[in-house]
Amino acid sequence: MKEVRTRFSPSPTGSLHLGGAHTALFNWLIARHFEGVFILRIEDTDRERSREEFVEEILAAMRWLGLDWDEGPYRQSERGPIYQDYIDRLLAGGAAYYCNCPPGELEARRQAALARGDKPKYDGRCRERGLARGPDTVVRFKTPLTGVTHWRDGIKGPIAFDNQELDDLVLQRADGVPTYNFAVVVDDITMGVTQVIRGEDHIPNTPRQLVIYRALGAELPLFAHMPLMLGKDRAKLSKRHGALSVLAYREQGFLPQALVNYLARLGWSHGDQEIFSREELIEYFTLEHVTTSPGVFDEEKLLWLNSHYLKEMPPPELARALTPFLAKTLGVTDPDQAYVAKVAATLSARAKTLVEMAQMARFYFQDPRPYDDKAATKFLTRENVPMLQEASRRLEALPDPISQEALAQLFTGLAAETGRKMKDVAQPVRVALTGKTASPGLYEISSILGKAKTLLRMANAVKWAAGTK
RNA sequence: GUCCCCAUCGUCUAGCCUGGUCCAGGACACCGGCCUUUCACGCCGGCGACACCGGUUCAAAUCCGGUUGGGGACGCCA
């Protein structure tokens with residue numbers, strides 16, 4: 001069987017957003033599934049808007065997601081001679097021609113057509129004029145006037161366009177730079193791309209590209225148009241939907257495996273399975289089970305997947321992932337990794353993102369004061385002072401690295417002997433140690449904090465409570 | 001406006017191709033309960049959908065047609 005070659009071809013006019021990552025992932029998965037080649041190509045023919053920093057950002061986002069490429073990144077801006085060669089061929093074969101219609105006029109005609117209720121397409125007025133190349137000429141493709149252009153889409157099935165719907169598109173701008181539809185065809189041909197997998201917003205481009213393939217006598221790849229990812233408002237994802245760049249999700253404390261899993265499951269399924277390892281995705285992923293209808297991006301589900309992977313992650317690895325967030329949100333730099341691992345283990349089932357986890361970890365690194373208002377007023381009361389003092393005395397008697405077992409004994413004993421319910425003992429102590437009413441288990445906390453800090457915090461809480469009325 | 005794509009719970013989806021096993025299954029979210037030193041986790045349960053109309057058929061979520069609705073595209077952007 002022929003080698004499968006797919007490609008992802010972002011334009012560096014912005015950062016990689018979720019929609020782009022979705023397309024990139026599907027292409028990557030197909031390449032990996034068939035043990036083929038995944039090509040990365042930068043479509044930077046729009047000189048006005050393309051920026052180098054976006055190229056870097058896109059590459060960084062791809063790396064973070066683990067979407068490694070086998071070829072490239074190619075840049076269209078570096079392939080000028082190749083495009084020129086193909087332009088010359090089309091011109092020589094009479095499949096293309098020069099046009100010197102001023103852009104302003106073209107725009108006016110489009111507007112007029114739209115106002116009339118017609119399809120705003122080029123009227124072909126330069127088609128038979130036999131114009132020579134000039135300073136303001138573009139090269140246009142001589143699109144067939146009649147007939148039907150159709151293909152069997154790898155996802156949607158048969159799709160057909162009446163050639164009358166098409167017009168003579170520009171292949172090369174006046175400045176010599178190729179346009180999208182042309183550059184893509186030349187690139188996909190010369191790079192040997194076998195499966196063109198892209199968003200369904202490209203369906204209208206496909207017949208335009210097909211006629212060029214035909215004029216060039218090139219073999220056709222498989223075209224597959226995947227469902228678009230929509231925002232909550234059911235419109236195509238765009239900047240106005242908020243922070244949607246892949247790197248923004250990294251900043252927000254999402255794990256790449258959660259994002260990959262989420263993106264894979266949007267528009268594709270494998271029975272009832274929701275959680276997929278990278279290996280499973282590669283093994284199961286084919287175009288066969290890609291959905292035909294667009295999907296709405298749901299952050300709640302992404303969050304669920306993220307918490308799942310947070311829970312699954314081995315503590316040392318989790319510690320490494322959490323460390324940068326500790327610095328960012330708490331200002332804690334270069335913490336002891338073994339300590340962070342212990343901390344993270346107590347938080348992994350509680351936090352949905354690394355940012356949240358860092359916030360929850362605060363008391364492990366910093367004094368819990370000021371206490372949460374409500375928590376302190378309710379639990380650090382005068383009546384609780386004797387109990388807290390007694391707890392401190394017993395704590396003091398424990399051998400230094402205090403074990404959780406010893407702690408458990410201490411508190412159950414204390415509760416029994418003072419005739420209190422466990423929670424009436426635990427909550428005041430919890431506030432003393434963490435400043436809050438919600439936290440990981442007391443024994444874990446205290447054992448991680450260590451004897452000295454635990455005792456200090458108890459003493460501070462007693463002071464605070466004694467000062468109240 | 002024209003062309004194209006799409007249509008199962010609020011959301012992601014299974015089932016549809018190869019009609020009966022589907023008074024439609026799973027997941028997220030939501031609600032209730034259990035577990036419990038708090039909060040989570042986990043477990044159990046609940047709510048909740050085949051857009052509509054017509055046709056084919058003994059039988060339609062599944063096949064066909066139409067309607068409606070949603071989306072996308074109509075650049076010397078990609």
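Heavy atoms only: backbone and side chains are in, while hydrogens, waters and symmetry mates are out.
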Novice: OP1 or OP2 of rC28(B) less than 4.0 angstrom from a side-chain nitrogen or oxygen of Arg265(A), does that happen here?
Specialist: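 For rC28(B), neither OP1 nor OP2 has a side-chain N or O of Arg265(A) closer than 4.0 Å.
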Novice: Rounded to the nearest angstrom, tell me the gap between atom CZ in Phe379(A) and atom C1' in rC39(B).
Specialist: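 Spelled out: CZ on Phe379(A) to C1' on rC39(B) is 12 Å.
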Novice: Can a side chain N or O of Arg110(A) be found less than 4.0 Å away from OP1 or OP2 on rC76(B)?
Specialist: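 Checking Arg110(A) against rC76(B): at least one side-chain N or O falls below 4.0 Å of OP1 or OP2.
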Novice: When the C1' atoms of rC16(B) and rU2(B) are considered, how many whole Å apart are they?
Specialist: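 Comparing C1' positions in rC16(B) and rU2(B) gives a spacing of 31 Å.
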Novice: Just by modelled atom types, is the His17(A) backbone N or O under 3.5 Å from a matching donor or acceptor in the Ser245(A) side chain?
Specialist: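 A pair under 3.5 Å: no.
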Novice: Could you work out the separation of rU18(B) and rU62(B) based on their P atoms and round it to a whole Å?
Specialist: 14 Å
Novice: Can a donor-acceptor pair be found between the side chains of Ser9(A) and Arg7(A) at a distance below 3.5 Å?
Specialist: yes
Novice: What integer number of Å spans the P atoms of rG19(B) and rC28(B)?
Specialist: 33 Å
Novice: Take Asp123(A) and Arg125(A) through the salt bridge (charged side-chain N to carboxylate O under 4.0 Å, His left out) test and state the conclusion after the steps.
Specialist: CA-CA 6 Å; Asp123(A) 58 12; Arg125(A) 65 177 61 191; 2.8 Å; yes
Novice: If you only use heavy atoms from C-beta on, which nucleotide in rU37(B), rG15(B), rG1(B) is closest to the side chain of Leu114(A)?
Specialist: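 My answer, after comparing the listed nucleotides, is rG1(B).
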Novice: If the plane angle is over 60° it's perpendicular, under 30° parallel, otherwise tilted; pick one for Tyr443(A) and Phe411(A).
Specialist: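 The arrangement is parallel - the two ring planes meet at less than 30°.
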Novice: Base, sugar-phosphate alone, or nothing: which one does His202(A) contact when heavy atoms must sit under 4.0 Å apart?
Specialist: base
Novice: Please confirm whether the shortest side-chain N or O distance from Thr45(A) to OP1 or OP2 of rA78(B) is below 4.0 Å.
Specialist: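 So the side-chain polar atoms of Thr45(A) do come within 4.0 Å of the phosphate oxygens OP1 or OP2 of rA78(B), strictly under.
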Novice: Looking across every strand, which nucleic acid part, if any, lies under 4.0 Å from Ala415(A) by heavy atom: base, sugar-phosphate, or nothing?
Specialist: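 The answer is nothing, as Ala415(A) stays clear of every strand by at least 4.0 Å.
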Novice: Rounded to whole angstroms, how far apart are CG on Leu303(A) and C1' on rU11(B)?
Specialist: 14 Å
Novice: 5'-most contact on RNA chain B: Gln427(A) or Pro103(A), nearest heavy atom basis?
Specialist: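 It is Gln427(A), whose closest nucleotide lies nearer the 5' terminus.
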Novice: Nearest to the side chain of Glu165(A), which nucleotide is it out of rC5(B), rU2(B), rG1(B)?
Specialist: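 So the side chain of Glu165(A) is nearest to rU2(B).
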Novice: Of the options rC12(B), rC4(B), rG71(B), whose atoms approach the side-chain atoms of Leu230(A) most closely?
Specialist: rG71(B)
Novice: With a 4.0 Å cut-off on heavy atoms, is Thr291(A) in touch with a base, just the backbone sugar-phosphate, or nothing at all?
Specialist: sugar-phosphate
Novice: Taking only N and O in the side chain of Thr13(A), is any of them less than 4.0 Å away from OP1 or OP2 of rA78(B)?
Specialist: no
Novice: Which of these nucleotides, rU37(B), rA7(B), rA40(B), is closest to any side-chain atom of Ala349(A)?
Specialist: rA40(B)
Novice: For a quick test of reading the model: is some side-chain N or O of Lys311(A) closer than 4.0 Å to OP1 or OP2 of rA40(B)?
Specialist: no
Novice: Nearest to the Ala438(A) side chain among rC39(B), rG42(B), rU37(B), which nucleotide is it?
Specialist: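 Closest nucleotide to the Ala438(A) side chain: rC39(B).
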Novice: For Ser439(A) and rU38(B), is the shortest distance between a side-chain N/O and OP1 or OP2 below 4.0 Å?
Specialist: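 Result: no.
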Novice: Contact class for Pro440(A) (heavy atom, under 4.0 Å): base, sugar-phosphate, or nothing?
Specialist: base
Novice: Once you apply a heavy-atom cut-off of 4.0 Å, does Ser269(A) come out as touching a base, just sugar-phosphate, or nothing?
Specialist: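 Sugar-phosphate: the residue Ser269(A), judged by heavy atoms under 4.0 Å, touches backbone atoms but no base.
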Novice: Expressed in angstrom and rounded to an integer, what is the separation of Lys378(A) atom NZ from rU38(B) atom P?
Specialist: 12 Å
Novice: If the C1' atom of rG25(B) is compared with that of rC6(B), how far apart are they to the nearest Å?
Specialist: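 After rounding to an integer number of Å, I get 23 Å for this pair.
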Novice: Please determine if Asp298(A) and Lys301(A) form a salt bridge, counting it only when a charged side-chain N lies under 4.0 Å from a carboxylate O.
Specialist: no
Novice: Using the ring of each side chain (for Trp, its six-membered ring), is His225(A) parallel, tilted or perpendicular to Phe223(A), with breaks at 30° and 60°?
Specialist: parallel
Novice: If we call it a pair only when both distances are under 3.5 Å in a Watson-Crick or G-U wobble match, what pairs with rG75(B)?
Specialist: none
Novice: Contact class for Phe161(A) vs. all strands (heavy atom < 4.0 Å): base, sugar-phosphate, or nothing?
Specialist: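 Touches sugar-phosphate only.
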Novice: Of Tyr180(A) and Gln273(A), whose closest RNA chain B nucleotide lies nearer the 5' terminus?
Specialist: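 Between the two, 5'-proximity favours Gln273(A).
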Novice: Scan side-chain atoms only and decide if Tyr249(A) and Glu299(A) contain a donor-acceptor pair under the 3.5 Å cut-off.
Specialist: yes
Novice: Just the rounded figure in Å: distance from P of rA78(B) to CG of Leu16(A).
Specialist: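 Going from CG in Leu16(A) over to P in rA78(B) covers 18 Å.
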Novice: Please report, rounded to the nearest Å, how far the P atom of rG75(B) is from the CD atom of Glu105(A).
Specialist: 16 Å
Novice: Counting only Watson-Crick or G-U wobble pairs whose two distances fall under 3.5 Å, which nucleotide matches rU62(B)?
Specialist: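 Pair assignment: rU62(B) / none.
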Novice: If the P atom of rG69(B) is compared with that of rC52(B), how far apart are they to the nearest Å?
Specialist: 15 Å
Novice: Checking side-chain polar atoms at under 3.5 Å, does Arg430(A) have a donor or acceptor matched by the opposite partner on Ser439(A)?
Specialist: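 On atom types as modelled, these side chains qualify, holding a pair under 3.5 Å.
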Novice: Determine which nucleotide pairs with rA7(B), using a 3.5 Å limit on both distances of a Watson-Crick or G-U wobble pair.
Specialist: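 By the stated definition (distances under 3.5 Å), rU68(B) pairs with rA7(B).
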Novice: Please give the distance between the P atoms of rC35(B) and rC17(B) as a whole number of Å.
Specialist: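 The same atom, P, in both gives a distance of 48 Å.
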Novice: What is the distance from CZ of Phe297(A) to C1' of rG71(B), rounded to the nearest Å?
Specialist: 19 Å
Novice: If we take the C1' atom in both rA49(B) and rA29(B), what is their distance in whole Å?
Specialist: 16 Å
Novice: On a whole-Å scale, what distance lies between the P atoms belonging to rA73(B) and rG66(B)?
Specialist: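 Per the computed distance, 25 Å lies between those P atoms.
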Novice: From C-beta outward on Lys119(A), which listed nucleotide comes closest to its side chain: rC12(B), rG1(B), rC39(B)?
Specialist: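 Taking heavy atoms from C-beta onward, the closest nucleotide is rG1(B).
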Novice: With the side chain of Asp201(A) defined as its heavy atoms from C-beta on, choose the nearest nucleotide among rC76(B), rA73(B), rC6(B).
Specialist: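 Closest nucleotide among those given: rA73(B).
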Novice: Would you please confirm or rule out a distance under 4.0 Å between OP1 or OP2 of rA7(B) and any side-chain N or O of Thr292(A)?
Specialist: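 Yes.
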Novice: With heavy atoms under 4.0 Å as the rule, sort Asn205(A) into base, sugar-phosphate or nothing.
Specialist: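 Base contact.
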Novice: Counting only Watson-Crick pairs (N1-N3 plus N6-O4 or O6-N4) and G-U wobbles (N1-O2, O6-N3), all under 3.5 Å, who is the partner of rG45(B)?
Specialist: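 In the structure as shown, rG45(B) has rC31(B) as its Watson-Crick or wobble partner.
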Novice: From the options rG72(B), rU11(B), rC4(B), select the nucleotide whose nearest atom is closest to the side chain of Val296(A).
Specialist: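 Among rG72(B), rU11(B), rC4(B), the one nearest the side chain of Val296(A) is rU11(B).
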Novice: Against Phe363(A), only a single residue in Lys453(A), Arg457(A), Arg369(A) fulfils side chain to side chain contact (heavy atoms under 4.5 Å, CB included); can you say which?
Specialist: Arg457(A)
Novice: Would you indicate which nucleotide in rA73(B), rC76(B), rU2(B) comes nearest to any side-chain atom of Pro204(A)?
Specialist: rA73(B)
Novice: Given rG72(B), rG1(B), rC4(B), which nucleotide is nearest the side-chain atoms of Ile159(A)?
Specialist: rC4(B)
Novice: If you look at every strand shown and take non-hydrogen atoms under 4.0 Å, does Gly199(A) touch a base, only sugar-phosphate, or nothing?
Specialist: nothing
Novice: Tell me the interatomic distance from Leu228(A), atom CG, to rG70(B), atom P, rounded to whole angstroms.
Specialist: 17 Å
Novice: Determine the interplanar angle of the Trp268(A) and Phe285(A) rings, folded into 0 to 90°, and report it as parallel if under 30°, tilted if 30 to 60°, perpendicular if over 60°.
Specialist: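 Ring orientation of Trp268(A) relative to Phe285(A): tilted.
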Novice: Rounding to a whole Å, what distance do you find between Asp272(A):CG and rC12(B):C1'?
Specialist: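 In whole Å, rC12(B) C1' and Asp272(A) CG are 12 Å from each other.
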Novice: Select base, sugar-phosphate, or nothing to describe what Leu266(A) touches, counting heavy atoms under 4.0 Å on all strands.
Specialist: sugar-phosphate
Novice: Once you apply a heavy-atom cut-off of 4.0 Å, does Val170(A) come out as touching a base, just sugar-phosphate, or nothing?
Specialist: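 Counting heavy atoms under 4.0 Å across all strands, the contact made by Val170(A) is with sugar-phosphate only.
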